[in-house]
Amino acid sequence: MAEPKENVLMEKIVSLCKRRGFVFQSSEIYGGINGFWDYGPLGAELKRNVKDLWWQSMTRLREDVVGLEATIVMSPEIWRASGHVDTFADLMRECPLTRKRVRTDQVEARSGMAYRFAGAEVAGTDGRVEKAFAVLVDKGGHPESARKKAREFFLASLPAADGDPARITLLGEQTAAVEDSIDFHPDSSVELGPSRPFNLMLQTWVGPIQSDENVAYLRPETAQAIFAQFKNVLETSRQKLPFGIGQIGKAFRNEVTPRNFTFRSREFEQMELEFFIKPDEVVEAISGSVNTQPVEGHPGEPQADWGWQRWHQYWVEERVRFYEGIGLSRSTLGFHHQTPEELAHYARATTDILYKFPFSKADASGVVKGDELEGIAARSDFDLSQHERFSGKPMGVFDEELRTAWTQLSPERQAELSRRYFEARLRYLTKAGLPAEKGDKEAREDADGLAKGQYIPHVIEPSAGVDRLILALVANAYSEVTETDAKGKSETRVVMRFHPRVAPIKVGVFPLLKNKPELVSKARAIHQMLKSEFNCFYDESGAIGRRYARQDEAGTPFCVTVDFDTLGEKPELLDTVTLRHRDDSRQERIAIRDLVGWLRERVR
RNA sequence: GCGGGCGUAGCUCAAUGGUAGAGCGCCAGUCUUCCAAACUGGUUACGAGGGUUCGAUUCCCUUCGCCCGCUCCA
C-alpha cells in the first residue's frame with residue numbers, strides 16, 4: 001500500500017511549512033483552532049505572488065476583465081437570492097437510517113403506529129447494541145416493514161451479523177399510536193434525530209443588538225458580490241458583453257470536517273472570475289450561427305460566434321495555462337467533468353481542475369484524479385436572474401448590436417430565436433417556483449426584450465481556491481536530495497523547487513566570507529540594488545554551503561555570491577558574481593550590471 | 001458528528017511517580033576562497049484544565065489540536 005508513504009510525505013510537508021515559516025496553525029499558543037491556518041513570512045510572500053499573478057493575468061493583461069473588491073459582510077438578502085440561506089442556515093433533522101435531512105419546519109404531520117426498539121443483538125454472539133430507533137407505520141401498513149428497517153439500521157453497528165439483517169434479533173419492541181407527529185421522515189418514515197442548525201455559513205450580528213433581525217453572514221463565496229454589483233460595474237467600466245469581473249478575497253464556511261492541512265479550511269481565500277457572455281440565442285441573432293464545433297485544447301482568441309460551450313472550454317484552457325505558468329504541469333493536474341447528477345440544477349457544465357495531492361485518493365479503478373483546485377462552471381443566467389427577482393432591480397443589459405441585428409432577421413428566425421429564449425426563461429422561472437401564468441407572462445416579456453436588444457447575460461465562472469493552490473505549489477515543489485559528503489556522511493536535505501515566479505524569495509545575496517569587509521560591503525550594495533525589485537535575502541552567517549542549503553529549503557531559485565574575483569583578484573572578472581541555481585547547483589559568472597535584467601526575465 | 005491513533009525543545013526522538021536528555025536546527029563568536037566543515041558559548045519542551053498523591057510529564061477524567069476511517073462537502 002502506498003498510503004502510509006503518502007501520509008509521511010504529507011507530514012513532512014506540514015512539518016517543513018512550520019519549520020520554515022510557510023504555514024502555522026492559527027492561535028497555536030492557545031491550542032489552535034480547528035480549520036484555521038496562518039501564513040508565516042515565506043507563506044505570505046508565496047501567497048501574495050500567486051494572487052498578484054492571478055490578478056495580473058486575469059485583469060490587467062486583459063482588456064475584457066475588470067476587478068472588484070467587495071465586503072465580506074453583505075446584505076443577508078444576497079444569500080437568500082443565491083440559495084445559501086435556504087440550504088444551509090436552517091434547523092435540520094436527519095434520518096438516522098438514510099442520512100437524509102429535512103428542514104425541521106417542513107416536516108409534514110403524520111399519523112399511524114410507531115414501532116419503537118430499544119436495541120438489537122446477534123443471537124449466539126456478544127454482538128449487542130442499545131440504541132433507540134423508531135419507525136412509523138401507516139394505518140394498514142405491515143409491522144414487518146418496520147422491523148426490516150430497524151434491522152437495517154442496527155446492522156451498521158453490529159459487525160457480528162456479518163452484513164446479514166436476518167441474523168439480527170430486535171430488542172424491546174413497543175408500539176404506540178401516533179397522531180399528527182412531525183417527528184418522522186416523510187420518505188423513510190424513520191423517527192428523526194434531534195433538530196440541529198446546519199449552518200455552513202458563519203454568522204454574526206450587525207450592530208450592537210444580537211437579534212434575529214440583525215443576523216448577517218460572512219460570505220461563503222466571493223462570487224455573489226460580483227453579481228450584486230454587476231450593474232454598477234457595467235455602467236462605470238465602459239465594458240460591453242462579453243466581459244468579466246474578477247475578485248480575490250476571503251470566504252468562510254463552517255465546514256463539517258476541516259481536513260488535509262489547509263486544503264479544507266473554514267476561512268479561506270478565493271480568486272473568482274465571473275465572465276458574462278451573451279446567451280446563445282443572442283449570439284446566433286448577431287453572428288448568424290453559434291460555433292459549437294468541438295476543438296481539442298485551447299480554442300484560441302475569443303470570437304463573436306462563441307456560445308457558452310466555447311467560452312467554457314476557453315476558460316478551462318486559460319486556467320490550465322495559468323497553472324502551467326506557475327509550475328504545475330498538466331501531468332500533475334487532473335480533470336473532472338461533473339456528471340448531470342452532480343451538477344447544480346442551474347449549471348450547464350462544470351469542469352473541475354484537480355491537483356494530485358499526496359493525500360488524494362485513488363478512485364474505484366485505481367486512478368488518482370486529484371482534489372479540486374478550481375471549478376469552471378457554466379452557470380447560465382441563474383445568478384443574475386435570482387438577484388433580479390429578489391432585489392426587484394433589472395439585471396439585464398442593453399445590446400446595441402443585438403437590436404440592430406434583430407431587425408435584419410427574417411420573421412421566421414426572429415420567431416424561432418424568440419421561442420427558444422422564451423423556453424429557457426420559462427424553465428428558469430418555473431424552477432424558481434413562479435405560478436404557471438405568471439412565469440409564462442414574464443418569460444414572454446423577457447423574450448420580447450430580445451427585439452429591443454435586452455437580455456440577461458449568462459456567466460462562466462472560474463473559481464479557484466488560493467489556499468489550495470498554495471498547498472499544491474508547496475507539495476509540488478517539495479523534493480529531497482540525499483548527498484554523501486567526502487567523509488561518507490550522507491545527509492538528506494529539502495529543496496523546494498518553486499517556479500521562480502511564485503518563489504517567496506527570488507534571490508539570496510551572500511559575501512563569500514563575512515570576515516572580509518570588502519566582500520561584505522559589496523554584497524550589501526548588491527542586496528540594496530536588487531531589493532527594490534525582487535524579494536531578496538542577505539545572509540553572511542556560517543559557511544557558504546549552509547547558506548545555499550537554507551535558501552534551497554526556502555525555495556529561493558537563485559543565489560548571488562560576492563567573492564574575491566568580484567573585487568578584481570582576476571582583473572577580467574571584476575564586478576562579476578557567482579550566480580548559483582537552486583535546482584542543479586549549477587554556477588555561472590555574471591556581471592553585476594546584468595543581474596537585474598537577468599533576474600527580471602526569469603522571475604516575471 | 002461517530003470510531004481509532006497520537007500530543008515531550010523549532011524538527012526527529014529518549015527517559016522517568018521525585019532535578020526532563022540527545023542529535024539536528026537556530027543565535028553569537030572564532031575560523032573558513034563556493035554547497036548544511038570545525039571549535040566555543042547560548043537558546044528552547046512535557047498541548048490545556050481538573051483530580052488522585054507528600055510529590056504527576058508519567059495514573060485517572062475533561063478539553064483542545066493533529067492524523068486515519070466513516071459522515072458531510074452550497
Side-chain angles (χ1 to χ4, degrees), chain A residues 3-4 6-8 10-12 14-21 24-37 40 79 82-89 92 94 96 99 101 131 156-157 159 193-194 196 198-201 219-221 223-224 251 253-261 263-264 266 342 344-347 359 361 371-372 375 377 463 481 483 485-487 489 491-495 510-516 519 540-553 559-567 569 577-582 584-587 589:
Chain A
E3 269 157 23
E6 283 154 1
N7 251 330
V8 169
M10 208 49 220
E11 273 166 31
K12 283 177 171 178
V14 174
S15 165
L16 175 98
C17 280
K18 181 174 182 189
R19 180 155 47 87
R20 289 313 309 246
F24 304 126
Q25 197 176 12
S26 169
S27 322
E28 195 192 73
I29 60 167
Y30 291 102
I33 173 166
N34 192 303
F36 296 86
W37 301 90
W79 308 113
S82 69
H84 287 86
V85 170
D86 281 348
T87 323
F88 292 110
M92 309 278 280
E94 196 175 67
R99 296 267 173 211
R101 286 175 192 152
K131 232 190 267 183
S157 25
R196 284 187 301 199
F198 273 69
N199 291 336
L200 252 66
M201 286 195 287
R219 64 184 177 196
E221 61 174 33
Q224 292 305 323
R253 292 180 203 181
N254 222 340
E255 295 288 350
V256 179
T257 315
R259 270 290 161 89
N260 291 326
F261 197 28
F263 184 80
R264 176 170 293 143
R266 290 185 164 132
E342 290 172 313
H345 66 83
Y346 48 79
F359 51 77
K361 303 264 185 316
D371 286 283
E372 188 184 339
S463 166
V481 178
E483 275 159 356
D485 65 15
K487 295 176 200 120
K489 200 174 88 178
E491 196 168 56
T492 299
R493 51 193 192 83
V494 173
V495 180
F510 318 138
L512 183 58
L513 300 172
K514 82 164 163 185
N515 60 355
K516 297 286 185 290
L519 294 179
E540 59 178 32
S541 82
I544 189 77
R546 170 175 298 251
R547 286 177 253 159
Y548 285 146
R550 281 198 283 239
Q551 292 307 312
D552 286 348
E553 217 174 40
C559 288
V560 161
T561 299
V562 171
D563 59 17
F564 294 93
D565 289 335
T566 312
L567 304 175
E569 193 168 276
V577 288
T578 301
L579 196 143
R580 183 260 190 187
H581 296 254
R582 173 195 65 203
D584 52 10
S585 305
R586 186 160 48 91
Q587 297 193 350
R589 204 75 201 172

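Protein chains get the first letters and strands the later ones, always in sequence-line order, with residue 1 at the start of each. Predicted model, so just to flag it, every value in this text is computed and none were measured.
The pair D371(A)-R264(A) does not meet the salt-bridge criterion, since no charged nitrogen lies less than 4.0 angstrom from a carboxylate oxygen.
Rounded to whole angstrom, the span from the CZ atom of R19(A) across to the C1' atom of C13(B) amounts to 15 Å. A48(B) atom P lies 12 Å from atom CD of E28(A), rounded to whole Å. What separates CZ of R266(A) from C1' of C73(B) is a distance of 12 Å, to the nearest Å. Atom CD of E11(A) and atom P of C68(B) are 8 Å apart (whole Å). Atom CG in L513(A) sits roughly 13 Å away from atom C1' in A37(B) (whole-Å rounding). For I33(A) and C64(B), the CD1 to P distance is 11 Å, given to the nearest whole Å. The distance from atom CG of L519(A) to atom P of U32(B) is 13 Å, rounded to the nearest whole Å. Straight-line distance from the CD atom of E540(A) to the P atom of U32(B): 15 Å, rounded to whole Å.
One finds a side-chain N or O of K18(A) lying less than 4.0 angstrom from the OP1 or OP2 phosphate oxygen of C11(B). Side-chain nitrogen and oxygen atoms of N515(A) include at least one within less than 4.0 Å of the OP1 or OP2 phosphate oxygen of U32(B). One finds no side-chain N or O of R546(A) lying less than 4.0 angstrom from the OP1 or OP2 phosphate oxygen of C34(B). Using a 4.0 Å cut-off, some side-chain N or O of R550(A) falls inside it from OP1 or OP2 of C27(B). Between K514(A) and C31(B) there is no side-chain polar atom (N or O) within less than 4.0 angstrom of OP1 or OP2. Between K12(A) and the phosphate of C11(B), there is no side-chain N or O to OP1/OP2 separation shorter than 4.0 Å.
Summary of the strand contacts: F36(A) and Q587(A) both lie near RNA chain B, and taking for each the nucleotide with the nearest heavy atom, the more 5' one is attributed to Q587(A). Of the two residues contacting RNA chain B, namely G542(A) and Y30(A), the nearest-nucleotide position lying further toward the 5' end is that of G542(A).
Across every strand in view, U44(B) sits unpaired, with no contact that passes the Watson-Crick or G-U test at under 3.5 angstrom. In this entry C70(B) has G1(B) as its Watson-Crick or G-U wobble partner, both defining distances falling under 3.5 Å. Within the shown strands, G51(B) is the pairing partner of C59(B) under the Watson-Crick or G-U definition, both distances less than 3.5 Å. Taking a pair to require two hydrogen-bonding distances under 3.5 Å in either a Watson-Crick or a G-U wobble arrangement, C39(B) pairs with G29(B). With a cut-off of 3.5 Å on both pairing distances, the Watson-Crick or G-U wobble partner of G7(B) is C64(B). The base-pairing partner of G17(B), taking Watson-Crick or G-U wobble contacts with both distances under 3.5 Å, does not exist among the strands shown.
When the nucleotides C72(B), C68(B), C34(B) are ranked by their closest atom to the side chain of I544(A), C34(B) comes out on top. Checking A36(B), C66(B), C34(B) against the side-chain heavy atoms of W37(A) singles out C66(B) as nearest.
Looking at heavy-atom distances under 4.0 Å, N34(A) makes contact with sugar-phosphate atoms alone, never a base. Counting non-hydrogen atoms under 4.0 angstrom, E372(A) reaches nothing in the nucleic acid. F261(A) comes within 4.0 angstrom of the backbone, heavy atoms only, and of no base. In this structure, Q25(A) reaches the sugar-phosphate backbone alone: every heavy-atom distance under 4.0 Å involves primed, P, OP1 or OP2 atoms, never a base.
One donor-acceptor pair, N or O on each side, does fall under 3.5 Å between the base of G69(B) and the side chain of R259(A). For a distance-only test at 3.5 Å, the side chain of R580(A) qualifies as a donor-acceptor partner of the base of C35(B). A donor-acceptor contact under 3.5 Å is not formed by the side chain of S15(A) with the base of C11(B). Counting atom types as modelled, Y548(A) pairs a side-chain N or O with a base atom of C34(B) as donor and acceptor under 3.5 Å.
As rounded to the nearest Å, U52(B) and U43(B) have C1' atoms that lie 36 Å from one another. To the nearest whole angstrom, the two P atoms, one in U40(B) and one in C68(B), are 43 Å apart. Nucleotides C70(B) and G47(B) are separated by 27 Å at their C1' atoms, to the nearest Å. Between the P atoms of C6(B) and C59(B), the separation comes to 12 Å (whole Å). Comparing the same atom, C1', in C27(B) and in C34(B) gives a spacing of 24 Å after rounding to whole Å. With both ends at atom P, the span from U32(B) to A37(B) equals 15 Å, rounded to whole Å. Taking the P atom of each, U33(B) and A9(B) are spaced 38 Å apart, rounded to whole Å. Distance check on atom C1': U8(B) versus G21(B) gives 11 Å, rounded to whole Å.
One distance of note links OG1 of T561(A) with CZ of R580(A); it measures 9.0 Å at 0.5 Å rounding. Atom CD1 of residue I544(A) and atom CD of residue E540(A) lie 11.0 Å apart, to the nearest 0.5 angstrom.
When side chains are defined from C-beta on, F564(A) counts as touching L519(A), because their heavy atoms get closer than 4.5 Å.
For F359(A) and F263(A), the gap between ring centers is short of 6.0 Å.
With sequence neighbours excluded, no residue forms a side chain to side chain donor-acceptor pair (under 3.5 Å) with K516(A).
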side-chain contact (heavy atoms from CB on, under 4.5 Å) assessment of R589(A) paired with D565(A): CA-CA 10 Å; R589(A) 204 75 201 172; D565(A) 289 335; 3.3 Å; yes
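Paired with D552(A) under the rule side chain to side chain donor-acceptor pair (under 3.5 Å), one option of R493(A), R582(A), R547(A) passes, and it is R493(A).
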